[in-house]
Amino acid sequence: MSLRKSDRENGRRGLRRSAAAVLIAALLTTACTSPPRTPTGLPSGTGGADGVGAEGIGDPYFPRYGNGGYDVGHYGIQVRYDPATDRLTGRVAITAVAAAPLRRFNLDFTGLPTSKVTVNGQPATARQEESELVVTPAAVVRGDFTVEIDYAGVPQPIKAILGDGGWLHTDDGAIALGQPESASSWFPVNDHPLDKATFDLAISVPEGLSALSNGTPEGTTTADGWTTWRWAERAPMAPYLTTLVIGDYRITSGSHRNRPILTAVASSFPADGDADRAMARTAEVADFLETQFGPYPFESYGGVVVADPRISYALETQSRPVYGPSFFRAGSDSTWVVAHELAHQWFGDSVSIGGWQHIWLNEGFASYAEWLWAEKDRKISVQSQFDDVYRLMDWSIPTGDPGPANIFSGAVYRRGALTVHALRLTVGDDAFFRILKAWTGERRNGNAVTADFVSLSERVSGKSLRPLFDAWLFGTTQPPVPKP
Ligand code: TRP
Ligand code: ZN
């Protein structure tokens with residue numbers, strides 16, 4: 001798991017659910033009643049019935065995350081950042097579709113002052129209310145619309161469950177990173193995985209520094225001592241999967257299977273050290289995972305290793321994960337974390353959760369990928385890894401509804417991986433890998449929830465699997481290991 005052990009254990013010590021709450025969760029496989037649901041079981045997040053977009057998208061775990069009433073299609077982001085003053089100047093151009101006529105809507109934004117806000121090219125008013133930017137257009141918005149926002153200021157970190165996310169100022173630059181939210185620290189956004197969008201980014205930094213982000217590198221231009229780095233992510237991306245890393249980096253770029261691959265390691269790491277060696281195996285690990293999960297889902301590959309010790313984790317930022325420094329120590333095997341973050345490209349990034357309750361669909365599979373990779377690379381059988389974790393597991397927190405304080409706990413990561421293997425033992429290898437490939441294929445670029453995975457597994461395997469998932473995801477006592 002890519003959380004440091006101490007972080008994971010702290011997470012587990014968080015909110016314990018009452019026996020009654022656990023029982024209810026066990027009875028209802030998808031334990032949410034409000035808000036309104038679409039046929040897929042995802043919150044509709046529509047809002048807008050009264051012409052006002054809702055201030056949250058309808059996630060019961062984080063009611064203020066995201067916004068209702070519209071769906072973003074694309075973000076065009078231009079930012080300039082000067083590490084000498086910590087000041088960010090930004091312009092974002094959003095294209096979106098209103099779900100209903102809107103006389104007002106919200107964006108998530110942590111409060112950099114705005115200088116100009118237009119909707120469909122007309123001046124609009126905007127006021128900041130805590131972490132929401134409330135926009136009132138000159139005319140009611142219907143159907144397709146555009147929003148342009150100019151802003152500037154010193155971006156701030158966001159307090160998160162696990163380490164601070166959002167914008168961090170570093171010695172030589174900055175790192176924008178974090179989960180379950182981070183994007184709103186540096187651009188106005190509908191910050192929830194239910195509203196995935198395509199992105200292009202142009203980032204200007206003092207000449208000599210690198211500005212790394214998601215997706216395909218589109219080149220750099222330099223003028224007047226500033227270099228602009230361009231990036232394009234053409235597959236829909238959840239906003240928390242955006243990243244921006246500015247500083248002094250050693251970049252390696254090339255192509256792999258006709259796609260661009262770009263990795264970067266903070267220049268303060270020794271050249272050809274453990275970090276560079278792990279990044280150099282990115283393509284090999286991705287190719288292995290492709291044999292297990294189906295075709296690699298994105299247009300580019302990569303990874304960035306940062307040196308700032310405050311980044312005590314890695315994050316699966318789309319097509320280019322970011323890794324903290326602690327994973328790379330001389331003589332240690334650090335490819336397990338690469339396997340974890342690259343597995344998220346399928347599980348989490350391409351197929352994204354429909355709400356934070358369902359986070360095991362990301363972390364359970366990414367943790368399982370560590371076991372698959374260790375079996376392939378180091379001949380440690382998946383079964384023996386399962387046995388070790390199964391024996392020591394604490395079963396008190398239900399994986400499928402861990403509660404907001406426990407979304408990054410061992411119940412989600414390790415018990416999630418145990419659940420994946422219990423499914424494999426139940427349906428057999430052939431059906432198991434067909435399930436994984438059907439999931440990543442059918443749900444590619446979309447969102448899904450636990451109930452979707454259960455029904456897909458039943459359909460592909462032809463077996464009734466509800467009792468299995470109820471016990472492994474929602475029970476609070478040790479389930480028996482299925483007999484193959
Ligand atoms: N999802 C990350 C992983 O498993 C770990 C993580 C949890 C994280 N919370 C975070 C990373 C906050 C960055 C910030 O790989
Ligand atoms: Zn993970």
Side-chain angles (χ1 to χ4, degrees), residues 1-12 14 61-62 65 157-168 170 175-186 191 193 214 237-245 278 282 285 289 293 303-306 308-328 334-353 356-373 399 402-417 419-420:
M1 272 136 272
S2 52
L3 308 182
R4 280 187 324 190
K5 199 160 189 199
S6 56
D7 291 334
R8 274 188 267 129
E9 251 120 48
N10 289 339
R12 262 200 298 149
Y61 273 31
F62 301 106
Y65 282 14
I158 299 177
K159 282 265 168 255
I161 298 169
L162 182 78
D164 281 352
W167 191 276
L168 297 180
T170 64
I175 302 169
L177 192 69
Q179 187 186 16
E181 54 169 0
S182 62
S184 60
S185 67
W186 61 288
D191 202 355
N214 309 89
M237 172 161 68
Y240 80 93
L241 296 171
T242 57
T243 186
L244 183 50
V245 177
T282 290
V285 175
L289 294 177
F293 302 154
V304 178
V305 181
V306 299
D308 195 300
R310 288 172 298 174
I311 307 293
S312 57
Y313 42 73
L315 186 62
E316 60 266 25
T317 44
Q318 189 155 311
S319 79
R320 194 156 291 111
V322 173
Y323 304 90
S326 61
F327 300 105
F328 307 98
S334 30
T335 53
W336 65 269
V337 69
V338 176
H340 182 107
E341 303 312 330
L342 292 182
H344 275 306
Q345 304 305 309
W346 288 262
F347 296 95
D349 295 11
S350 177
V351 184
S352 301
I353 49 178
W356 287 103
Q357 171 188 344
H358 309 283
I359 182 71
W360 83 277
L361 290 170
N362 298 1
E363 301 304 347
F365 290 85
S367 301
Y368 195 68
E370 295 173 32
W371 297 355
L372 293 168
W373 173 247
T399 305
N406 290 316
I407 60 172
F408 299 121
S409 67
V412 167
Y413 281 70
R414 283 171 291 173
R415 188 170 159 187
T419 302
V420 173

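Both counts, for ligands and for their atoms, begin at 1 and track the order of listing. All values below come from the heavy atoms of this structure, side chains included, with hydrogens, waters and symmetry mates left out. Here the structure is a predicted model, which is why all the values come from computation and not from measurement.
At least one N/O-N/O distance between E363 and ligand 1 falls below 3.5 Å.
In this structure, the separation between CD on E341 and CD on E370 is 8.5 Å, given to the nearest 0.5 Å.
Heavy atoms of G178 approach ligand 1 to within less than 4.0 angstrom. Residue contacts with ligand 1: A314 is included, with a non-hydrogen atom under 4.0 Å away.
Taking every non-hydrogen atom of H340 and a distance limit under 4.0 Å, the qualifying atoms of ligand 1 come out as 3 (C), 4 (O), 15 (O). Proximity to E316 (heavy-atom distance under 4.0 Å) selects the following atoms of ligand 1: 1 (N), 2 (C), 3 (C), 15 (O). Close approach to E341 involves these atoms of ligand 1, each under 4.0 Å from a residue heavy atom: 3 (C), 15 (O).
Under a 3.5 Å cut-off, the side chain of S185 and the backbone N or O of S182 do form a donor-acceptor pair.
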Side chain to side chain contact (heavy atoms under 4.5 Å, CB included) evaluation trace for V338 with Y323: CA-CA 8 Å; V338 176; Y323 304 90; 3.9 Å; yes
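Between F408 and W356, the ring planes lie perpendicular to each other; the angle is over 60°, past the 30° to 60° tilted range. Using cut-offs of 30° and 60° for the angle between ring planes, the W186 and W167 rings count as tilted. Ring planes of H344 and H340: perpendicular class, angle over 60° (limits at 30 and 60°).
Atom OE1 is the N/O/S atom of E363 found closest to the Zn ion (ligand 2).
Here the angle at the Zn ion (ligand 2) defined by NE2 in H344 and NE2 in H340 stands at 100°, rounded to 10 degrees.
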